[in-house]
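Since this is a predicted model, take the numbers as computed values, not measurements.
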Amino acid sequence: MKLKCKIINGLKIYEIPSRLINEMFEVAIKAATNTFPTPNKVSCAVLTKNGNIYPGAEYRADILTLSMHAEATALSHSAIHGDPEIIAITGPNCHACKQLLWENAMHFGNDIIILIKKDGKVDRVPLSSMMSYAWPENRWENKGA
């Protein structure tokens, strides 16, 4: 599936059809049943440039520093399938995960759209608007562009 994009402030922003957004939230809800060790905790879904949706589910370790956030597992899931260029994710997301998403975005020259459901509607928030003092400040070379 070919998704349209535009360049804003030097970053690619993709247009995401409502049906894909709805599907992403369905995938995220389904993934929540597989959070570990307790079902129905934090989950998410990412959308890639190729139009594929990958779920993520938290994996909580007894030693909390070894736990994996849903966003990290979704990014890993997409990379395992050879499809690492993320263009959207269901949110909200913690600040550590926003950093992980930011680094993915900079590798591909994207501005990942965070999709947040609130009061029955979906807000589409560009990740760059949440990264006032992003690190690294300078973007990497657009390897995937």
field: Verdict with reasoning, L115 to F25, per side chain to side chain contact (heavy atoms under 4.5 Å, CB included)
entry: CA-CA 9 Å; L115 303 167; F25 280 105; 4.0 Å; yes

- prompt: For T48, what residues pass the side chain to side chain donor-acceptor pair (under 3.5 Å) criterion, not counting sequence neighbours?
  reply: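 For T48, the residues satisfying side chain to side chain donor-acceptor pair (under 3.5 Å) (neighbours in sequence not counted) are D83.
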
Quick one: are [X] and [Y] in side-chain contact, heavy atoms under 4.5 Å?
{"X": "I112", "Y": "I87", "result": "no"}
{"X": "S128", "Y": "W102", "result": "yes"}
{"X": "I86", "Y": "L47", "result": "no"}
{"X": "I113", "Y": "I13", "result": "yes"}

message: So that I can tick it off, tell me whether K98 and E103 are bridged by a salt bridge, with the cut-off set at under 4.0 angstrom between side-chain N and carboxylate O.
response: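 No, no charged N to carboxylate O under 4.0 Å.
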
message: Using the rule that Ile, Leu, Val, Met, Phe, Trp and Tyr join whenever any side-chain heavy atoms are under 4.5 Å apart, tell me whether I29 and M24 fall into a single cluster.
response: no

query: In a check of side-chain contact (heavy atoms from CB on, under 4.5 Å) between I53 and each of V27, V46, T90, which one passes?
result: V27

field: Candidates S76, C44, S43 - the one meeting side-chain contact (heavy atoms from CB on, under 4.5 Å) with E71
entry: C44

message: Once rounded to the nearest 0.5 Å, what's the spacing between atom CD1 of I16 and atom CG of L3?
response: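 It comes to 7.5 Å.
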
- prompt: According to the salt bridge (Lys or Arg N to Asp or Glu O under 4.0 Å) rule, which pairs have a member within residues 107-118, sequence neighbours left out?
  reply: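 Counting only pairs at least two positions apart or across chains, no salt bridge (Lys or Arg N to Asp or Glu O under 4.0 Å) contact touches residues 107-118.
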
